[in-house]
Number of protein chains: 2
Amino acid sequence: MARRLRSRADLDDEDCRAIIALPHAVRVYEAPAYIIREGGPPTSYCTLILSGLAFRQKVTLTGARQIVSIHMAGDFIDLQHLFLKRADHSVQALSRVEAVDIERSALRQLIIDRPAVGRAMWTDALIEGSVFREWVVNVGRRDAKTRVAHLLCEFALRMQAAGLANGEGFELPMTQEQIGDAVGLTSVHVNRTLKLLAAEGLIERDKRFVKYRDWQRLQHVGDFTSLYLHLDQAGGEQKTL
Amino acid sequence: MARRLRSRADLDDEDCRAIIALPHAVRVYEAPAYIIREGGPPTSYCTLILSGLAFRQKVTLTGARQIVSIHMAGDFIDLQHLFLKRADHSVQALSRVEAVDIERSALRQLIIDRPAVGRAMWTDALIEGSVFREWVVNVGRRDAKTRVAHLLCEFALRMQAAGLANGEGFELPMTQEQIGDAVGLTSVHVNRTLKLLAAEGLIERDKRFVKYRDWQRLQHVGDFTSLYLHLDQAGGEQKTL
DNA sequence: CGGGGGTTTGAAAAATCTCAAATCTAGTGG
DNA sequence: CCACTAGATTTGAGATTTTTCAAACCCCCG
């Protein structure tokens, strides 16, 4: 199971063996279950998604929710806890999620012992940071249409990179309300925007399935450039699955 | 100079010596100079701020700018380049900035050789990520008044943590337009919001200087909790200056 | 004293949100 | 196989927030 880890490290020789040897346990979460709880007690492991989708969220004083990132197979969802003391947000399963919990201390040790693994983890963390930055931009400076299109592009590309979508389209298993929480809009407005994108012939939708009708133009409308995802890092080192 | 690095690592014994021994060079940037340029060629060093302020920004297709983070003495401003190939954004000096450029390869090696240093760097990177997440929330789900108040709180606290402000107030050397770009609002609206905060007796302003009149209430209005800054990490390991 | 940026203000325009109701859809229990 | 229900998607219309555009002011600087 956890051997998927192997493929994501950039230049692993036989660090793989060490990775596989890590003490771990697979766990399954159903639909809207919390994988990490804000403020919760620090767990003693780090978890990596094997399959399914999950999202990271924070809640406002007024009760509004902001989804801060979406995660799929191959993503570590709580690298933070590798070194930070407290969970400042929570992570929830968006669909059925299979994940491995890895002994945190062992992972730390591995980073120290095997520089290549450490490097892969660093890369992973830095890319995640880059994605956060792009989200700040998306939510802070783009209008509704652009925001939603951008989200679709990012999701599509990441799904493809993870081998979970083909060039046709993809299943976006999120409620329109959740999409809204991800881009900082109301579910109502997301709905109108989605319809607008479809009306303009950029996408076609059938339930939660989104098919691209004009990928180039969609990227353009969404002001999307994949640079920030750093998908090319060291020859597919990252989240290759 | 670069010995300030020492104080930020959580449990440094005499890794300090190694840190000080790093090949480095101090450089000074004036007012609106670029320290890092988007898409620019990867430099061969990482830079840490010694004094002054800088901000990280990305630009939208329509030309809008979003400031994604603000940095002060003790912050690494391009940890990303430690392992990522390309700059996906730029960093500009907000005031006169003194910074040290540290040989990237040497820094990487140091992380490997001295686990304690590596850990400090990890913590630093993870905290930065946490701050980004909070910014996504701020910009995505809070109204103008709350956003601006939140920014003020964060800045105030970080300045204090860095020993650059006292309990009275602080100098916020940003244009209202820049503040707007940081919180995703228009300079005009920032102006009105700032006046509102003052009118409500939360702050008092004199030019760019902001004095708190009711720190508690300001935090409340700004929906601010310092948890996400992880200032307590390992007994002031971080950016203690 | 003349600029040039930055800050204020006003008023109208635009984007987004709210509230509410109508529709749909998948799942449940008869 | 069908009625029924809860949650999700749509749609409409008015209310709000934020943006735009423009002009007035201010203050530091040379």
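Chain naming here is simple, since letters A, B, ... match the order of the sequence lines and numbering starts at 1 in each. A quick note: this is a predicted structure, and the numbers were derived from the prediction, not measured.
An OP1 or OP2 oxygen of D:dT9 is reached within less than 4.0 angstrom by a side-chain nitrogen or oxygen of A:Arg208. OP1 and OP2 of C:dA11 both lie 4.0 Å or more from every side-chain N or O belonging to B:Arg192. Checking the phosphate oxygens (OP1, OP2) of D:dT9, no side-chain nitrogen or oxygen of A:Asn191 falls inside 4.0 Å.
Two rings, from A:His71 and A:Phe155, have their centers 6.0 Å or more apart. Proximity of the aromatic rings of A:Phe132 and A:Trp135 is defined here by a centroid distance below 6.0 angstrom, and this criterion is not met.
Put simply, CD on A:Gln178 is 8 Å from P on D:dA8, counting in whole angstrom units. In this entry the distance linking CG of A:Leu185 with P of D:dT16 reads 20 Å, nearest Å.
Among the atoms of the strands shown, none is found under 4.0 Å from any heavy atom of A:Leu194. Residue contacts for B:Gly180: at a heavy-atom cut-off of 4.0 Å it reaches no nucleic acid atom on any strand shown. Among the atoms of the strands shown, only primed sugar atoms or phosphate atoms (P, OP1, OP2) are found under 4.0 Å from some heavy atom of B:Arg205.
Where A:Met174 and A:Arg141 meet DNA chain D, the nucleotide closest to each residue was compared, and A:Met174 sits on the side nearer the 5' end. Each of B:Val188 and A:Thr175 was matched to the nucleotide of DNA chain D holding its nearest heavy atom; the match closer to the 5' end belongs to A:Thr175.
Between the side chains of B:Gln66 and B:Asp181, no donor N or O sits under 3.5 Å from an acceptor N or O. In this model, no donor atom of one side chain and acceptor atom of the other lie less than 3.5 Å apart for A:Thr60 and B:Arg141.
Closest to the side chain of A:His189, out of C:dT16, D:dT10, C:dA26, is C:dT16.
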